Amino acid sequence: MKIKWIEIFKILEDFQTGYDLPSVSLIGNEEGSPFKILISTLISLRTRDEVTLEASRRLFESADTAEAMMKLSQEEIEALIYPCGFFRVKSGNILTISKEIVQNLGGQVPSSKEGLLALPGVGLKTANLVLSLGFAIPAICVDIHVHRIANRMGWVKTNKPDDSVPALEKILPREYWIPINELLVLFGQQICTPRSPKCSQCPLHEHCRRCGVEQSR
DNA sequence: AAAACGGGGGC
DNA sequence: GCCCCAGTTTT
């Protein structure tokens with residue numbers, strides 16, 4: 001069946017009105033340089049939103065460019081981003097990435113998927129987030145929320161989030177590749193939650209394979 | 001006390 | 001493909 005993306009996005013935009021929560025994937029986005037977006041995304045792994053925000057702000061007060069960051073010691077970075085999960089691994093990656101950017105990449109965060117994936121701690125989700133938010137290059141950033149919703153809704157049928165990226169790229173018009181994440185992450189936090197989703201309050205009820213489409217045919 | 005959280009890397 | 005990773009919060 002044909003998915004009515006225009007209707008779905010309209011509903012999601014209406015739903016978003018009234019919330020001003022920064023979603024976890026999009027922390028530091030508005031005035032964020034690609035470098036800050038990259039670093040705060042690394043920090044957000046396995047870490048709740050508020051903790052990620054506080055840690056990012058602390059870290060960027062000390063260093064908000066790769067040049068400044070590489071002058072910090074790993075211990076200093078660790079202290080700044082504590083108590084984020086994986087803070088030892090993350091601080092090492094942040095330092096390595098900053099040095100790499102300054103010494104080998106001309107001081108610029110890579111603006112290609114391949115370049116980003118070559119950095120330690122950067123996988124498909126992080127790479128696509130930096131591309132879309134940092135460089136306005138259309139790329140679908142499938143985090144666990146987007147993956148869960150897309151599969152529940154019946155838009156795709158995949159097991160791993162990374163497999164949802166090409167699947168979504170096939171069916172979703174390109175103009176939605178950037179806005180989809182912000183809309184869906186909020187929706188996933190508030191309505192389409194991992195356990196006991198609030199289906200009775202869901203504005204996408206009729207578009208959902210589980211609730212609407214599947215039952216009505 | 002145990003499970004959940006969430007993305008990436010190494011084998 | 002499967003297993004490991006680290007610290008906090010929730011059950």
Side-chain angles (χ1 to χ4, degrees), chain A residues 21-29 32 34-59 69 73-101 109-110 112-134 139-153 156-169 177 180-198:
Chain A
L21 309 169
S23 52
V24 69
S25 316
L26 309 177
I27 283 171
N29 53 359
F35 180 73
K36 288 166 76 172
I37 292 170
L38 172 59
I39 299 301
S40 56
T41 305
L42 293 178
I43 292 175
S44 74
L45 175 60
R46 198 86 166 173
T47 305
R48 287 171 306 113
D49 300 16
E50 317 87 71
V51 179
T52 303
L53 272 171
E54 289 167 15
S56 300
R57 290 192 180 126
R58 276 200 305 273
L59 182 61
M69 191 70 71
S73 68
Q74 182 168 348
E75 290 71 25
E76 287 173 313
I77 298 176
E78 281 182 17
L80 287 166
I81 66 175
Y82 185 87
C84 294
F86 292 100
F87 65 94
R88 289 211 166 79
V89 177
K90 288 174 184 173
S91 56
N93 285 342
I94 290 171
L95 202 48
T96 304
I97 287 175
S98 299
K99 288 178 181 169
E100 175 74 11
I101 288 174
V109 174
S112 71
K113 183 174 292 190
E114 298 72 28
L116 286 163
L117 290 175
L119 300 173
V122 177
L124 188 56
K125 181 250 178 179
T126 307
N128 279 358
L129 181 69
V130 174
L131 287 179
S132 59
L133 245 54
I140 303 178
C141 163
V142 177
D143 71 351
I144 197 67
H145 296 290
V146 177
H147 178 68
R148 179 179 68 251
I149 296 166
N151 278 278
R152 280 184 182 164
M153 289 287 164
V156 299
K157 197 169 154 81
T158 55
N159 289 324
K160 295 190 313 184
D162 282 4
D163 294 336
S164 287
V165 175
L168 277 171
E169 284 175 351
W177 287 13
I180 189 175
N181 288 284
E182 188 174 11
L183 294 176
L184 287 186
V185 170
L186 175 65
F187 178 68
Q189 289 168 340
Q190 301 296 324
I191 301 290
C192 201
T193 49
R195 283 184 302 266
S196 11
K198 304 188 174 84

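Naming convention: chains lettered A, B, ... in sequence-line order (proteins, then strands); numbering from 1 in each chain. Quantities reported herein were computed from a predicted structural model and do not represent experimental measurements.
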What is the distance from [atom1] of [X] to [atom2] of [N], rounded to the nearest Å?
X      : N     : atom1 : atom2 : result
A/D163 : B/dG7 : CG    : P     : 14 Å
A/D162 : B/dG6 : CG    : P     : 15 Å
A/I97  : B/dG9 : CD1   : C1'   : 13 Å
A/I149 : B/dG6 : CD1   : P     : 12 Å
A/F86  : C/dA6 : CZ    : C1'   : 5 Å
A/R88  : C/dT8 : CZ    : P     : 11 Å
A/K90  : B/dG8 : NZ    : C1'   : 12 Å
A/H145 : B/dA4 : NE2   : C1'   : 13 Å

Legend entry - Side-chain (A/T47) to main-chain (A/L45) donor-acceptor, under 3.5 angstrom: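 Yes, A/T47 side chain to A/L45 backbone: donor-acceptor pair under 3.5 Å.
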Inset, instruction - Could you tell me whether a side-chain N or O of A/Q74 sits under 3.5 Å from a main-chain N or O of A/R88, the two making a donor and an acceptor? - result: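 Flag set: sc A/Q74 to bb A/R88 pair under 3.5 Å.
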Inset, instruction - For A/V109 and A/L116, run side-chain contact (heavy atoms from CB on, under 4.5 Å): C-alpha distance rounded to whole Å, both residues' side-chain angles, the deciding distance at 0.1 Å, then the answer. - result: CA-CA 8 Å; A/V109 174; A/L116 286 163; 4.0 Å; yes
Inset, instruction - Kindly indicate, with the supporting measurements, whether the criterion side-chain contact (heavy atoms from CB on, under 4.5 Å) is fulfilled by A/I94 and A/I43. - result: CA-CA 9 Å; A/I94 290 171; A/I43 292 175; 4.2 Å; yes
What's the gap between [N] and [M] when it is taken at their [atom1] atoms, as a whole Å value?
N     : M     : atom1 : value
B/dG9 : C/dT8 : P     : 23 Å
C/dG1 : B/dG6 : P     : 24 Å
B/dG8 : C/dT9 : P     : 23 Å

Inset, instruction - Mind listing the residues from residues 113-124 of chain A sitting with a heavy atom below 4.0 Å of DNA chain C? Number order is fine. - result: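 Nucleic-acid contacts, sorted: none.
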With respect to the side chain of [X], which nucleotide from [options] is positioned closest?
X      : options             : value
A/R195 : C/dG7, B/dA4, B/dG7 : B/dA4
A/F87  : B/dG6, C/dA6, C/dT8 : C/dA6
A/K125 : C/dG7, B/dG8, B/dG6 : B/dG8
A/D143 : C/dG7, B/dG7, B/dG6 : B/dG7

Legend entry - Verdict with supporting geometry, A/L124 and A/K113, side-chain contact (heavy atoms from CB on, under 4.5 Å): CA-CA 8 Å; A/L124 188 56; A/K113 183 174 292 190; 4.2 Å; yes
Legend entry - A/R58 atom CZ, over 12 foreign heavy atoms within 6.0 Å: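 Enclosed: over 12 neighbouring heavy atoms sit under 6.0 Å from CZ of A/R58.
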Check this one for me: any side-chain N or O of [X] less than 4.0 Å away from OP1 or OP2 of [N]?
X      : N     : value
A/Y82  : C/dT8 : yes
A/R48  : C/dT8 : no
A/T126 : B/dG8 : yes

Inset, instruction - Return the 5'-most residue of the pair A/P83, A/K160 with respect to DNA chain C, ranking by each residue's nearest nucleotide. - result: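 Its nucleotide being nearer the 5' end, the pick is A/K160.
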Inset, instruction - Answer whether the closest heavy-atom distance between the side chains of A/H145 and A/L184 falls below 4.5 Å. - result: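 A side-chain contact is absent here, since even the closest heavy-atom pair is not under 4.5 Å.
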Inset, instruction - Check the side chains of A/S164 and A/T158 for a donor-acceptor pair under 3.5 angstrom, ignoring hydrogens and angles. - result: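 Yes - a donor-acceptor pair under 3.5 Å links their side chains.
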